[in-house]
Amino acid sequence: MAGSTDSEHAAFLSALRAILPDDGLLTQSEDLHPYECDGLSVLRELPLAVVLPRHRNEVQAVLKICQQYGVAVVPRGAGTGLSGGARPSAGAIVLSLARLKQIRALDTSNRTAQVQPGVRNLAISEAARPMGLYYAPDPSSQIACTIGGNVAENSGGVHCLKYGLTVHNVLALEVLDASGERLEIGSQAPDSPGYDLLALMMGSEGLLGIVTECTLRLLPVPENTLVLLAAFASVVAAADAVSAIIAAGIIPAGLEMMDQLAIEAAEDFVHAGYPRDAAAILLCELDGTEAELQERLRAVEKLLQRQGATSIRIAADAETRLLLWKGRKAAFPAVGRLAPDYYCMDGTIPRKRLAEVLEQIAIWSAEYGLRVANVFHAGDGNLHPLILYDANVEEQLHAAEALGQRILELCVAVGGSITGEHGVGVEKLDSMCVQFTPAELAQMHRIKAAFDPEGRLNPGKAVPSLHRCAELGAMHVHHGQLPFPGLERF
Amino acid sequence: MDQRECLQEQVREAYQQSRPLQVQGAGTKSFYGRKTADAEPLLLREHQGIVDYEPSELFVTLRAGTSLQTLQEQLAEAGQMLPFEPPFFGAEATIGGTLACGFSGPRRPYAGSARDYVLGVHMLNGLGESLRFGGQVMKNVAGYDVSRLLVGSLGTLGVLLEVTLKVLPRPERELTLVHDTDMATAIVRMNQWAGQPLPLSASAWDGSHLYLRLSGTEKAVAAAQSKIGGAVLDENDGILFWKNLREHRHVFFQGTAALWRLAVAPATPPLALPGQTLIEWGGGQRWLRGQRDATALQALAAEHGGHATLFRGGDRSEEVFQPLPPALFALHQRLKNAFDPHGILNPGRLYAAL
Ligand SMILES: Cc1cc2nc3c(=O)[nH]c(=O)nc-3n(C[C@H](O)[C@H](O)[C@H](O)COP(=O)(O)OP(=O)(O)OC[C@H]3O[C@@H](n4cnc5c(N)ncnc54)[C@H](O)[C@@H]3O)c2cc1C
Ligand SMILES: Cc1cc2nc3c(=O)[nH]c(=O)nc-3n(C[C@H](O)[C@H](O)[C@H](O)COP(=O)(O)OP(=O)(O)OC[C@H]3O[C@@H](n4cnc5c(N)ncnc54)[C@H](O)[C@@H]3O)c2cc1C
């Protein structure tokens, strides 16, 4: 509410109060503090107010009042985002969708679930389980994060190599635009008429509309599943093994890599039985019918041995399998115990460049004096370097951010992207100037304006202003083509 | 050959003069979309070539004018394929045209659609600006997903210059099973089996028989076969059956009578419609022939969560795609304007007022 008077401010709040339940509007500073940041806790800001509507009509009413008073809106699910996407902006309200948490319908014959945006990711698979179905995308944060947040970030999980990202598993959305107008996008039927707005909504970080309902595709639970854990004496050998598996025509359900520091941290935390002396481990999940699985298992085992695996462990029973995954899924908090703070990066790279990228990260790690643990969705080239630092030591936060920025620039330079699944939020605005040209960013701003001409949905996130990029003087690197490629940069 | 610069020049000039262009691949799909006034063609066909193909990285980058045929041959050499199994509708079909139409084939309900496999694009918008979105990596959430937005936009938002697609290994074995059933039973079975972990890769009901294709390892296919049962089509007959269906060469598609496509929630029971119906995609795609009352057909499809398209023939000067609700259509117009402010790219091809 920039430049508003006290009386306008009061009128705005009382208009909200009139349409929300008693506990649905928070304005006191002590009530606002839990909302001052998302999972990226270094970025904090207090909102004007937090609203907690219970259903779509209340969300719609809130949006209309915000339009009337010209107030910006920051949508929020569970606040587990790692790029500051749900961080409040000064003068804006936070619109929490957490109370819209009904699973409205499970349609067994069409294999779909109709859910409200505040439903937790894991709750969907739990509800579908008795029907032999599940919702495939499984971010490590799945016990907490909401489906609305997943849509806004196009979240992935350890199984997206075979089963796709959120974009591949959502069939329809009900969306409210900035003025509260209701749009139905997509349907249970294939290929909706007109533009593929469903794809555009995925990963749009709350800038294009508020998701108030989702129709999701459910898949049959695989008959059998097993996990292989292979240890390697070098990261390069592990990376080569990943390529060898895929080159052999095998697409595992999941294929994850962790380096030594991540292995040790996870082992200390959950005691999954990871080999502490390995330079890298691969977790490879296979699924299918019993007969198929045995066939695949032998093929993968042989490939892993040929690629120099120093040990291979097979978990066929559910308990061991879950334990092996637990180590991986708890990797962030586990690494978080090694230092007071950690900074999680999310670049993607072509897999074949992994060895050189990790080598370069190791060199910079020594240079900056900050340890870096690496967790890697290896199958699809999504790297999570976790930079360890201590915010209380002067300059360490800056050093961590500078190192992070360099890692992202490197990802772009080798032909990858600054974010694979965590989104741009506020955190990677500067890196966007590296990945995109001014004309490309201007095109994105025009898309935004088509949905939200007043720019009131999650302003200042996801797409940097051209002005910001110009000030930064960032060097735009594209698809590995740096200006002056002959010059040494890293 | 790289024609990027002259294509860009042509679009820039057209933009400056507000002169419409007809984006053209090989013209194999000129039957699709609305009939529009003649305009200067923008020829993509010479802009061809595979730019980058890394089988073990599971992607291919190619110029939009590359023929589907060339692409599929290259992929097959490395034991890979386009998972969405696009129809060609003509030997010369280009990848740009295929994506602009958003066409997918029999594997679609089990493997995903054309847009699901697009990783990145290099495009020209209606201002003639050369823009890149997405990339060559599987996961990328930097900025809006413009690459996928362009799929199915019929060239009305931008000209595809280059695309990157995700590719997958070809299955070790494919097998087609046939059941003699009525429509209602066929729909029920398709959906029951889709709810079980079976390696289904295609399904169709042609008026008297249900066809099911299994794809996977030798053992997985054998196990599924014993579960599903039915007569086995000879391997070559199986390949031919799905190819003819995909290319609309099956007898159902012969003749010049209008062809309608109904997309509905897959488990939708048989619809009370005169004439024959051919069903694909696990029940989600249903074809009809002949003159129909468009409004009634669209209403019926909408009742079952879907929409109707006049796919081929009929009166193509009217709308051929299901009309959108006013608020959604207004958004389409604003988006069109965001990409093509002078309305020069294929105006009217998708909707009259777009
Ligand atoms: C330990 C940990 C592990 C993680 N692992 C993964 C992982 O494996 N894969 C992965 O992809 N991510 C992962 N994440 C990141 C995060 O969990 C995901 O981005 C998640 O989708 C965010 O969901 P949320 O409900 O917490 O959304 P929030 O953080 O509340 O919001 C995220 C964004 O979505 C917007 N938003 C939220 N709800 C709506 C709505 N209804 N309509 C419109 N916009 C909305 C917000 O404005 C914000 O921009 C992890 C995070 C943590 C802390
Ligand atoms: C006398 C005459 C009359 C004609 N009458 C008609 C008519 O009534 N209706 C009609 O539609 N056509 C008509 N055509 C054909 C028309 O000129 C074009 O051939 C046709 O519209 C476009 O070819 P095509 O794009 O379908 O090729 P395809 O490759 O089959 O392309 C299919 C679709 O994709 C778009 N497209 C192709 N490549 C790209 C790309 N790289 N980027 C973005 N979009 C792309 C096309 O614009 C089109 O929408 C006529 C031609 C002649 C000579």
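Residue A/E153 touches chain B through its backbone alone, counting heavy-atom pairs closer than 4.5 Å. B/L324 touches chain A through its side chain: at least one heavy atom from C-beta onward sits under 4.5 Å away, while N, CA, C and O do not. For B/E54, the part lying near chain A is the side chain, with the backbone staying farther off; criterion is any non-hydrogen pair under 4.5 Å. At a 4.5 Å heavy-atom cutoff, B/L150 makes no contact with chain A through either its backbone or its side chain. Only the side chain of B/S113 comes within contact range of chain A, with heavy atoms under 4.5 Å apart. In this structure, the portion of B/Q196 lying under 4.5 Å from any heavy atom of chain A is its backbone and not its side chain. With a 4.5 angstrom heavy-atom cutoff, B/A330 does not touch chain A via any of its atoms. With a 4.5 angstrom heavy-atom cutoff, B/L168 touches chain A only via side-chain atoms. Using a 4.5 Å cut-off between heavy atoms, B/L354 contacts chain A through its side chain alone, with no backbone atom that close. For B/R170, no part lies under 4.5 angstrom from a heavy atom of chain A. Neither the backbone nor the side chain of B/F59 comes within less than 4.5 Å of any heavy atom of chain A. Contact of B/E172 with chain A is made through the side chain alone, with heavy-atom distances under 4.5 Å.
The most heavy-atom pairs under 4.5 Å with chain B, out of A/E181, A/R351, A/Q188, A/R296, come from A/R351. The most heavy-atom pairs under 4.5 Å with chain A, out of B/L262, B/D145, B/L127, B/N191, come from B/N191. Highest contact tally toward chain B, considering only A/T348, A/T289, A/V463, is held by A/T348 [criterion: heavy-atom pairs under 4.5 Å]. The most heavy-atom pairs under 4.5 Å with chain A, out of B/A78, B/S153, B/P266, B/G306, come from B/P266. Ranking A/V242, A/L133, A/L208 against chain B, the residue ahead of the rest is A/L208, based on heavy-atom pairs under 4.5 Å. By number of non-hydrogen pairs under 4.5 angstrom with chain A, the leading residue of B/A194, B/P55, B/G284 is B/A194. Among B/Q192, B/M138, B/Q80, the residue with the largest count of heavy-atom pairs under 4.5 Å with chain A is B/M138. Ranking B/K219, B/K166, B/R148 against chain A, the residue ahead of the rest is B/K219, based on heavy-atom pairs under 4.5 Å. Most heavy-atom pairs under 4.5 Å with chain A, from the set B/P169, B/A263, B/A265: that is B/A265. Contact count versus chain B (heavy atoms, under 4.5 Å) is highest, among A/G132, A/G347, A/A247, A/G249, for A/G249. If you tally non-hydrogen atom pairs under 4.5 Å between each of A/P350, A/A449, A/G416, A/P222 and chain B, the highest count goes to A/P350. The residue among A/I245, A/N110, A/I246, A/N154 with the most heavy atom pairs within less than 4.5 Å of chain B is A/N110.
In terms of heavy-atom proximity, A/L197 sits nearest to B/L328 at CD1-CD1, 3.8 Å. Pairing each heavy atom of A/P220 with each of B/P197, the nearest pair is CB-N, 3.5 Å. In terms of heavy atoms, A/P193 sits closest to B/Y351 at CB-OH, 3.5 Å. Between B/A142 and A/Q435, the shortest heavy-atom contact is CB-NE2, 3.7 Å. Considering all non-hydrogen atoms of both residues, A/E295 and B/E218 come closest at OE2-CB, 4.4 Å. The minimum heavy-atom distance between B/S56 and A/S243, with the atom names listed, is CB-O, 4.2 Å.
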Next on the checklist: What verdict does the side chain to side chain contact (heavy atoms under 4.5 Å, CB included) test give for B/K139 and A/N382, after you've listed the backbone C-alpha separation in whole Å, the side-chain angles of each residue and the deciding distance to 0.1 Å?
Outcome noted: CA-CA 7 Å; B/K139 292 167 77 176; A/N382 190 187; 2.9 Å; yes
Next on the checklist: Determine whether A/D191 and B/R261 satisfy the following criterion, salt bridge (charged side-chain N to carboxylate O under 4.0 Å, His left out), listing intermediate values before the conclusion.
Outcome noted: CA-CA 11 Å; A/D191 309 334; B/R261 171 184 187 260; 3.1 Å; yes
Item to check | B/Y144/A/Q443 under side chain to side chain contact (heavy atoms under 4.5 Å, CB included): CA gap, chis, key distance, verdict | outcome: CA-CA 10 Å; B/Y144 301 122; A/Q443 181 64 70; over 6 Å; no
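Between B/V141 and A/L165, every side-chain heavy-atom pair lies at or beyond the 4.5 Å cut-off. Side-chain atoms of A/R446 and B/N125, non-hydrogen and from C-beta on, do get closer than 4.5 Å to each other. In this structure, the side chains of A/I349 and B/V137 stay at 4.5 Å or more apart for every pair of heavy atoms. With a 4.5 Å cut-off on side-chain heavy atoms, A/T437 and B/R132 do not count as touching. B/L331 places none of its side-chain heavy atoms less than 4.5 Å from the side chain of A/D177. Proximity of B/L149 to A/L200: side-chain heavy atoms (C-beta onward) are separated by under 4.5 Å at one or more points. Counting heavy atoms from C-beta outward, A/E184 and B/P325 have side chains that stay 4.5 Å or more apart. When side chains are defined from C-beta on, B/F133 counts as touching A/M444, because their heavy atoms get closer than 4.5 Å.
Formation of a donor-acceptor pair under 3.5 Å by the B/E57 side chain with backbone atoms of A/K352 is found in this model.
Listed by first then second residue, pairs satisfying ring-ring contact (aromatic ring centres under 6.0 Å, His included) with a partner in residues 156-204 of chain A read A/H159-A/W325, A/Y195-B/H332, not counting sequence neighbours.
Between the SG atom of A/C411 and the CG atom of B/N140 there is a distance of 11.0 Å, given to the nearest 0.5 Å.
Looking at residues two or more places apart in sequence or on another chain, you find a ring pair (Phe, Tyr, Trp, His ring centres under 6.0 Å) between B/F321 and B/Y32.
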